[in-house]
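First the structure, in the form of structure tokens, and then the observations on it.
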Amino acid sequence: MRPVRIGWVRLRPARWKPSLSLTLEVAAALAIWELAGRMKWIADGALPAPSAILVRLWIDWADYPPHLAATLTTAAVGFLIGNAIGIVCGTLFAFSPVAERLFRGVNVAIFALPAIAIVPVLVLTLPSDGARIVLAALGCYFTTMTATMVGLASADPRGIDVVRGWGGGRAAVFRYVRLPAAVPAILSGLQVGAPNALLGSILAEFGGGGRWGLGAYLIGSLGRAEPDRLWGIGLVATACAAVGYAAFGLLGRALTGSVRAATLPTGTAALPAPALGRSGRLALAAGAVLMPFALWWGAVAASGLPAMLVKSPLDVFAYLTAGPRAEGVRERLIGALAETLPPSLAGVALGVVAALLLAVLAEAAPRLARLMMPLSLFTQAMPLVALTPILVLVFGRGTAVMLAVTVSVTFFPAYVLLAQGLAAVPQGARDLGRAYGASRWRELRLIALPAAVPHLFAAIRLAAPRAILGVMIAEWLATGTGLGNLLNRARGMLDYGMIWSVAVLSVLVSVALYELVSAAEGAVMRRRGG
Amino acid sequence: GSKLSMQASWINDAEFTGYVVAETKGYYTAEGIDLDYLSGGPDVIPEGALVAGKADLALTTPDTTVQAIVDQGAPFKIIGAQYQKNPLGVVSLASKPILAPKDLVGKTLAVPPVNVVSVEAMLKINNIDPKDVKIVPYEYDPTPLLKGEIDASVDFVTNVPYTIKMQGAEAVSFLLYDYGFTIFNDTVVVTEETLKTKRKELVGWLRASRKGWVENLKDPAVYPPLFKDTFYKGNGRTIANEIYFNTAQKPLIESPAGLFSMTEEAIAKNIEALSRVGIKAKREMFDTTLLAEV
Amino acid sequence: MGEALDLVLGDVEKSFTVGGRAFQALGGVSLACPPRSFTALIGPSGCGKSTILRLALGLETADRGRVAIGGRPVAEAVKAGHTGVAFQDSALLPWRSVTDNIALPLDVLGRPRGPHLGRIGELIDLVGLGGFAAARPSELSGGMRQRVAIARALVTEPSLLLLDEPFGALDQILRRQMNLELQRIWLASRATTLLVTHGIDEAVFLADRVVVMASRPGRIAATFDVPFERPRRPELLTDPRFHALEDAIGERLYAGMEPA
Amino acid sequence: MGEALDLVLGDVEKSFTVGGRAFQALGGVSLACPPRSFTALIGPSGCGKSTILRLALGLETADRGRVAIGGRPVAEAVKAGHTGVAFQDSALLPWRSVTDNIALPLDVLGRPRGPHLGRIGELIDLVGLGGFAAARPSELSGGMRQRVAIARALVTEPSLLLLDEPFGALDQILRRQMNLELQRIWLASRATTLLVTHGIDEAVFLADRVVVMASRPGRIAATFDVPFERPRRPELLTDPRFHALEDAIGERLYAGMEPA
Ligand SMILES: Nc1ncnc2c1ncn2[C@@H]1O[C@H](COP(=O)(O)OP(=O)(O)OP(=O)(O)O)[C@@H](O)[C@H]1O
Ligand SMILES: Nc1ncnc2c1ncn2[C@@H]1O[C@H](COP(=O)(O)OP(=O)(O)OP(=O)(O)O)[C@@H](O)[C@H]1O
Ligand SMILES: Cc1ncc(C[n+]2csc(CCO)c2C)c(N)n1
Ligand SMILES: [Mg+2]
Ligand SMILES: [Mg+2]
């Protein structure tokens, strides 16, 4: 097949080889699922058989077009905006570590803000589709920004020397080396973005009150106790997400091959570290703490909403300290945090381990991993609220369900980034292991994983803020405890002071976790050298 | 006509059929109102739309509204009530029936987080310690109830029993209202500001809406089929479901004092019920003068 | 002394896609390195020398023909730790120190480092990197990196040693020194050795047999037996018989040679 | 013919951190390459040859001393496109074809490719890669990659040419051919050239002046003028005067040489 050229990119269309055994595996998986559905093995039949879902889809098909159109358009616009900003900001932060520090809190906050807390505000501030687009964009921004930074930082120093050797400055190094080298990583960001944009758009429909969209359809269907309908909606959303995921994945795979160095570099060309003195560092730390609050304040002012709905930092402070109920509020917050934090920490670990296992599986048994992909995408594109019955029936309403939900919201971006890191390991390094007959496992442990350490840490940095979110979702959907429950009840009470306090608290904890991971990363990378 | 926007409390279903009838029959236009109808959803907080100025009028749950007035100093007035009796009830399977609050002891009850306080109040009113009932979150999906994962759920009795029947089971239920939690629902709420500036439109809205609801409830089976491809389109439910809903809600909406009415007796019951939840409702939060003009 | 293993390539063909088009790198190469032999492989740039090494390690698979080590599939010998290799590019892992890079084959083979620590130290000294044990690849010069790769190839005391231009980046004196060391090691271990080199002198000095390749497609043009006794001393380099063999090989090598 | 630029290093010192400890790579190196001269730099592995090249390009900054091209800071000459370099490692961009890799300096300097396409084609033929224009680095052999790097160094017709062991991975014949080509190019362009090499013969054959370095710390041990007329023909390689100079340089080079 003739390769297709796009600028410096040369794509060699992979020949589609319909493999018999893959077909068999898919068939086997479907058969097991069918059996599980028919025999009501899982959650007493709350997991419907694929045939039942398909039949249902067939019956409902007339309902879908307007819903699908509404979700797809807003998700697509949000996807474009979120990723564009993610790439631009990732680049900016890659080149200005000071800016990165200053905006770190803001970035993590954007990533960690519970959708149920911000949607009502977005819905009130923005025109009808605005909230959906913004939520879809928010779903893409942080992962793409992170992936962009990781990609830009993992360039080969030899290429950079060449460009500098002809007088190229930072811009030329960026254009000719860092950016081309980062393209596969950026594409992995876009891969994560595809289901996230869809989910963002769907979640916004829960708070947006619009009539059209898969989310609206889902809400209407929730009360029907018909899992086959819910799963049908989920599968349609998953299929859309899968199209984006696969498209960027294929593009990424085609490019990774051409971006991967033939011979091993002697190190990685890390991005500049902030060259600051003591006072500079202090000022930066202060700025980093103040920046999110400043932006928060600005956003509150810009929203033009009354103080009852949107709280400035000062309002939240007053809510927590002044007035007769402040003490009770603080007690509830602390009590809830104490409930939420432990499973969150466990969730980070489990989420990363799950990501790692899947990435390893993708290496060791790529076909099996590919088989897992639809399931993974399903958990990303499907609002968890629709899966509540199956979640509570399978996992109960205790710690297990919290961990299950947390893993499902943390592992995916971590997995995609990690898999990309493993794919980008230079051939020369792989050959080294294979030349000594390394088992897949040894190759992974001794060569691929150490080579992908920057990606691994980026994966953990992505997982950490999401873990709190995951626990809160489970608390809100299933257990009725902790911060998630507090938030949900506060919404019912129009207790906006509490809503904001919970949001701020969860974000603070996320930022703290993120900083912890970053510090560990710094220590490891310093020890690791090159 | 002059613009008036209303924020509904849920997605487009039979709960709002009366307004659709009024709109399609031109009752609002006749009142000089150009109505902008905003649908709701599980995460839509109708009062928020009022505060933000996005809607002139909202259908709300009174406990929330009153709490906002008391705690946040929200400038709301309740000018009418769609449901004289809150349709919220405890729904269970006939095979494991829960027919009164006392049956809940030792059981697992799924409650929408918004309604937890109300349910706890209802339990206390009936001398049951809320600690004796295991309350878990409810997300409007009856599947856990059908599968026996929970024993009962708190939902609109106007709707869930139908769903359960469709799934081949039989449902029983009792209203929170009938066990002492005597509040309205879908209360018509406006801000004091709107009350001043758009009083005429609001009265017109009440009049037109009442007409629409009267028309709709004459025969609850008539209108839902007509809106199959308009108002209900895409809500994922069947017209049979909406007819059931429409029929079931009739006794909860109708009132000898006229639809939307808030009699002194009913207001007193609301204040009484809310006070048991610790919400200090006051008579002046209910403005019956507009209804009087209708 | 390790096992006596031979390396056999039987009528091997190998094609690649180069610039989008098929390119035959090897066209019917047959090469047998008997157990405990020392073969030097010499040929123009791009004739397929590295490809032969990669085939011998199972890093590439032949389109046609047979590749075997000790009569069995190469993967077995490789997995058993019988092979040692220095690639043309030094291929050090950037995050590992000199010591850790040298120890990598042990780690991969699951052999404990402990008993080998002494040997690793000796190898570091052997390649003249005493004092650089803790250095990272990015802190080394090109020649130093190549020397680490040589030490790494030797650490497992392989029975089949594959060296791809291991001394290319070294100065002549160091290269001579390393040649002598390699001879010493070979005499002690008698590992079957395949050395790719561009130096005819180096080939003749070290090998039993010099195999000359030609390009397009890569093939074996001639084989020369080297009759000199071992241990060979530097004086041999000025021996007329040595020069005569060098010239014969050179002639064959440059006959119709065009770089690919 | 380009500008006449000299390269001057005045008493340059340079230390690195190696394995966590300070290590002096260069201790007071003074080197002047007059305009249009051809200097060969020879010295043991790790003595600091590549470091000198990197200093000349501004890729490293001296701890002490002065580095200048044409009397001005190196950055100016580099930015103006007066320099051309072939690194020790071929350092090709994996995603660029042979042509595009050779064109990279033009892209970086913002020069349009159009007028240079013919030259790029000539350079590809010059280094014997005709037919490989569309190949990616991963599809080339080690020697082929090095040749791409040589072509890249020449594409801008630099006034100051810095070559770090450019022929290390080539076979002897190709190396000879490339030596002759380099001489031809140098005679035509008269670019000031600094060639790092391990081949004394190559150094003497090509250079006006051979600078011998010693290690620990890297320093200049001796400088030899090469008197032979140009163009030098392959016959020179067998000239006794040639051998005599080779021997003199070798002696100096290996005096007290210890690899670092
Ligand atoms: N992975 C690959 N993909 C495509 N072509 C390849 C690949 N590896 C080698 N080739 C081609 O095969 C031929 C032989 O390459 P090989 O590396 O074996 O040469 P070599 O004899 O080692 O040359 P050198 O002395 O320059 O290292 C070359 O023409 C090269 O272009
Ligand atoms: N970036 C670096 N960090 C630390 N040490 C370095 C660095 N670059 C060079 N060195 C050290 O400086 C010394 C000189 O290195 P350089 O690369 O200049 O040697 P060289 O003369 O080019 O050797 P070779 O012939 O082996 O290429 C070496 O000992 C090396 O360890
Ligand atoms: C004021 C108000 N509060 C809650 C609901 C929620 N609700 C009523 S019926 C139904 C469907 C499931 O039975 C749901 C979710 C509502 N509509 N109006
Ligand atoms: Mg090779
Ligand atoms: Mg060097």
Side-chain angles (χ1 to χ4, degrees), chain A residues 2-3 5-12 151 154-184 252 254-267 269 424-428 430-431 526-530, chain D residues 17-20 50 53-54 56-60 69 74-97 99-101 103-111 134-142 144-146 148-149 152-153 155-156 158 162 164:
Chain A
R2 282 187 62 80
R5 281 197 63 146
I6 314 163
W8 46 263
V9 174
R10 194 173 64 204
L11 292 177
R12 205 167 292 132
S154 57
D156 187 333
R158 296 172 298 182
I160 292 177
D161 278 348
V162 170
V163 170
R164 287 179 59 211
W166 270 280
R170 286 172 131 202
V173 166
F174 172 72
R175 180 170 162 196
Y176 295 113
V177 184
R178 289 206 188 267
L179 186 60
V183 166
L255 288 180
T256 305
S258 69
V259 165
R260 199 165 48 188
T263 57
L264 262 165
T266 54
V425 174
Q427 193 54 45
R430 299 268 187 184
D431 285 348
R526 267 194 304 279
R527 260 201 51 197
R528 181 176 184 259
Chain D
T17 315
V18 177
S50 300
L53 250 72
R54 293 176 61 83
L57 284 166
L59 295 177
E60 305 281 359
I69 295 175
V74 293
E76 287 184 23
V78 170
K79 281 225 171 65
H82 292 321
T83 53
V85 59
F87 291 97
Q88 191 167 7
D89 173 293
S90 48
L92 306 182
L93 297 183
W95 51 87
R96 286 185 169 232
S97 66
T99 302
D100 292 346
N101 262 294
L104 180 78
L106 302 171
D107 296 348
V108 172
L109 290 165
R111 298 186 190 166
R136 298 288 164 126
S138 61
E139 299 167 343
L140 301 177
S141 78
M144 292 162 92
R145 283 199 287 268
Q146 202 175 29
V148 177
R152 184 175 60 188
V155 72
T156 56
L162 302 164
D164 198 348

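If you're wondering where the values come from, they're calculated on a predicted model, not measured in any experiment. Naming convention: chains lettered A, B, ... in sequence-line order (proteins, then strands); numbering from 1 in each chain.
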Chain A heavy atoms under 4.5 Å from D:Leu104: which part of the residue, side chain, backbone, both or neither? side chain
Are the side chain of D:Arg54 and the backbone N or O of A:Asp161 linked by a donor-acceptor pair below 3.5 Å? no
Taking the side chain as every heavy atom from C-beta outward, state whether D:Asp164 and D:Phe87 have any pair of such atoms under 4.5 Å apart. no
Proximal component of D:Arg145, with respect to chain A [non-hydrogen, under 4.5 Å]: side chain
Counting heavy-atom pairs under 4.5 Å with chain A, the top scorer among D:Ala91, D:Pro105, D:Gly142 is D:Pro105
Under 4.5 Å from any heavy atom of chain A - which part of D:Asp107: both
Counting heavy-atom pairs under 4.5 angstrom with chain A, the leader among D:Val108, D:Val74, D:Leu57 is D:Val108
Any heavy-atom pair between the side chains of A:Asp156 and A:Val177 that's under 4.5 Å? no
Just so I understand: if I count every heavy-atom pair under 4.5 Å between each of A:Ala172, A:Gly159, A:Gly169, A:Gly165 and chain D, which residue has the most? A:Gly165
Any donor-acceptor pair under 3.5 Å linking the side chain of A:Arg178 with the backbone of A:Val173? no
Of all of D:Leu140, D:Leu92, D:Asp89, which one pairs up most often with chain A through heavy atoms under 4.5 Å apart? D:Asp89
Does any part of the side chain of A:Pro180, heavy atoms only, come nearer than 4.5 Å to the side chain of D:Leu93, both counted from C-beta? no
Taking the side chain as every heavy atom from C-beta outward, state whether D:Val155 and A:Trp166 have any atom pair closer than 4.5 Å. no
